[in-house]
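See below for the structure under consideration.
We number each residue from 1, following the sequence as shown. Values in this document were obtained by computation on a predicted structure and should not be read as measured data.
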Amino acid sequence: MSIIEKALDKNRARPDKARIETSTQEAEQASAPKVPRSREAHIDFAWLRKQGIVVPGEGRTSAAEEFRMMKRPLLNNAFGRHTAMKVPKGRLIMVTSALPGEGKTFTSTNLALSIAMEVDRTVLLVDSDVARPAIPRTMGFQADRGLMDVLTDPNLDIPDVLLRTNVEGLTVLPAGRPHGRSTEILASDAMMRLIDDLHERYDDRIILFDSPPLLATSEPGVLAHHMGQVVMVVDADTTPASSVERAMDQLQSCDVVLSMLNRAAPSPGMGYAGGYYYGGRDHEMDAREQA
């Protein structure tokens, strides 16, 4: 058992204003109701392929098989056939890591694309790493407004900043424009209301948060309190065990923590991803793909 494994075991739609005839432009703007207008983002499949990310419709690649296995316990927890098997708020999933550069955005993107391929499920991928947003760049498109804008501008609603993609079943909520008080905003009541709103809108949707690293900022520790499940990504080669332990300490409020070893060497007889390890409240997952 590696030092990392020991450490883990220890902690086991922009609205369009309706035109209303009034005598002045000011009255028109004040009285015009909002009607959701769809916004779209085109995911660059060639760019995904270049990064080793799952490309929808490309068959049984090793990466696709790894993330099929990884998503299954998450979906089972979120949509258990029997009510007693479901994790409370199990459709709210946060992907994080202890330190930057461990592959959390790579994992978030692959999981989102894999979940979107489910026949009867959809997924909303939220870029909540507002200091270092990476989802648009990873998927090969550009985005301006997003999470921070809807939290700070009372004239914006969630549909104003959502991006439909060319992958059926996948919607993206970008991080939005930088804000000097991003930490406080992500820990605010407004953020908690937004999370609840996202959770209540569609009962077939997974809401997947690409979160900042736990030891780099305080936001993910706050977000974890409101998640049903957390995926903790650990670089099997470089992450110190002490960092894993400190990060896991911040996740004590979450009943379901799934730990994933990224860049782990394959073990004999353990298939594409090195298999799953179950222990206590944690599920451990291995992945050999690069971030």
Side-chain angles (χ1 to χ4, degrees), residues 13-14 39 41 43 51 53 89 91-113 123-165 170-199 201 205-233 247 250-251 253-254 291:
R14 169 102 170 152
R39 303 171 66 233
I43 295 174
Q51 299 174 91
I53 292 174
K89 291 194 174 181
R91 293 187 291 109
L92 293 172
I93 303 172
M94 185 177 85
V95 180
T96 188
S97 60
L99 303 169
E102 298 194 69
K104 66 175 184 60
T105 298
F106 176 85
T107 301
S108 300
T109 303
N110 274 294
L111 278 176
L113 289 165
V123 58
L124 171 62
L125 178 58
V126 181
D127 193 346
S128 57
D129 191 348
V130 296
R132 299 178 61 186
I135 294 298
R137 182 177 69 252
T138 301
M139 290 187 159
F141 63 83
Q142 294 184 336
D144 49 7
R145 297 179 308 169
L147 177 62
M148 293 304 298
D149 300 280
V150 80
L151 288 173
T152 56
D153 187 344
N155 295 317
L156 289 177
D157 296 318
I158 293 174
D160 300 345
V161 296
L162 293 180
L163 298 177
R164 293 192 307 166
T165 73
L170 172 62
T171 303
V172 176
L173 176 54
R177 288 170 282 199
H179 195 285
R181 299 180 60 202
S182 59
T183 299
E184 290 80 8
I185 292 170
L186 288 182
S188 68
D189 289 342
M191 180 62 176
M192 302 310 115
R193 289 193 296 269
L194 182 142
I195 291 174
D196 290 340
D197 190 3
L198 293 175
H199 183 260
R201 280 177 181 253
R205 172 180 280 179
I206 291 288
I207 303 99
L208 193 65
F209 291 81
D210 182 46
S211 162
L214 284 158
L215 301 184
T217 181
S218 61
E219 296 103 308
V222 175
L223 287 176
H225 286 274
H226 302 274
M227 297 293 115
Q229 305 184 74
V230 175
V231 176
M232 173 76 169
V233 180
Q250 296 190 36
L251 301 177
S253 63
C254 189

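Between Pro220 and Ser211, the closest heavy-atom pair is CB-OG, 3.0 Å. Taking both residues in full, the closest heavy atoms of Gly221 and Leu214 are given as N-CD2, 4.0 Å, listed atom of the first, atom of the second, then distance. Contact between Ala112 and Leu208 at its shortest, heavy atoms only, is N-CD2, 3.7 Å. In terms of heavy atoms, Ser128 sits closest to Leu223 at OG-CD1, 4.1 Å. Closest approach of Met232 to Ala98, counting heavy atoms only: CE-N, 3.7 Å. Scanning all heavy atoms of the two residues, the minimum distance from Phe106 to Gln51 falls at CE1-O, 3.9 Å.
Side chain of Thr171 to main chain of Arg164: no donor-acceptor pair is present (N/O by atom type, distance under 3.5 Å, no hydrogens or angles). Side-chain N or O atoms of Asn110 include none that pairs as donor or acceptor with a backbone N or O of Thr107 at under 3.5 Å. The closest donor-acceptor contact from the side chain of Arg91 to the backbone of His199 lies under 3.5 Å. No donor-acceptor pair closer than 3.5 Å links the side chain of Arg145 to the backbone N or O of Val161. No donor-acceptor distance shorter than 3.5 angstrom exists from the side chain of Thr165 to the backbone of Ile43, with no hydrogens or angles considered.
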Practice item. Apply the test side-chain contact (heavy atoms from CB on, under 4.5 Å) to residues Leu251 and Met94: give CA-CA distance (whole Å), side-chain angles for both, the deciding distance (0.1 Å), then the verdict. Key: CA-CA 11 Å; Leu251 301 177; Met94 185 177 85; 4.3 Å; yes
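Residue pairs satisfying the salt bridge (charged side-chain N to carboxylate O under 4.0 Å, His left out) criterion with at least one member in residues 220-232, sequence neighbours excluded, are absent. Screening residues 129-144 for side chain to side chain donor-acceptor pair (under 3.5 Å) gives Arg39-Asp144, Lys104-Asp129 as the qualifying pairs, with residues at least two apart or on separate chains.
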Side-chain atoms of residues 185-196: list all donor-acceptor pairs with protein atoms under 3.5 Å, sequence neighbours left out, distances to 0.1 Å.
residue: Ser188; atom: OG; partner: Ile185; partner atom: O; Å: 2.5
residue: Ser188; atom: OG; partner: Ala190; partner atom: N; Å: 3.4
residue: Ser188; atom: OG; partner: Met191; partner atom: N; Å: 3.4
residue: Asp196; atom: OD1; partner: Lys89; partner atom: NZ; Å: 3.2

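Using a 4.5 Å cut-off on side-chain heavy atoms (C-beta onward), Gln229 and Leu92 make no contact. The closest side-chain heavy-atom distance from Pro213 to Glu102 is not below 4.5 Å. You'll find the side chain of Leu124 reaches within 4.5 Å of the side chain of Leu173, heavy atoms only. Looking only at side-chain heavy atoms (C-beta outward), Leu125 and Met139 come within less than 4.5 Å of each other.
Separating the CE atom in Met227 from the SG atom in Cys254 is a distance of 8.5 Å, to the nearest 0.5 Å. The distance from atom CG of Leu198 to atom CZ of Arg205, rounded to the nearest 0.5 Å, is 7.5 Å. In this structure, Ile135 CD1 and Thr109 OG1 are separated by 4.0 Å, a value rounded to the nearest 0.5 Å.
Legend: residues meeting side-chain contact (heavy atoms from CB on, under 4.5 Å) with Ala175, ordered by chain and number and at least two apart, are Asp127, Val130, Pro133. Applying the side-chain contact (heavy atoms from CB on, under 4.5 Å) test to Pro174 and every residue at least two apart in sequence or in another chain returns Ala143, Leu163, Val172. Qualifying side chain to side chain donor-acceptor pair (under 3.5 Å) partners for Ser108, counting only residues two or more places apart in sequence or in other chains: Asp210.
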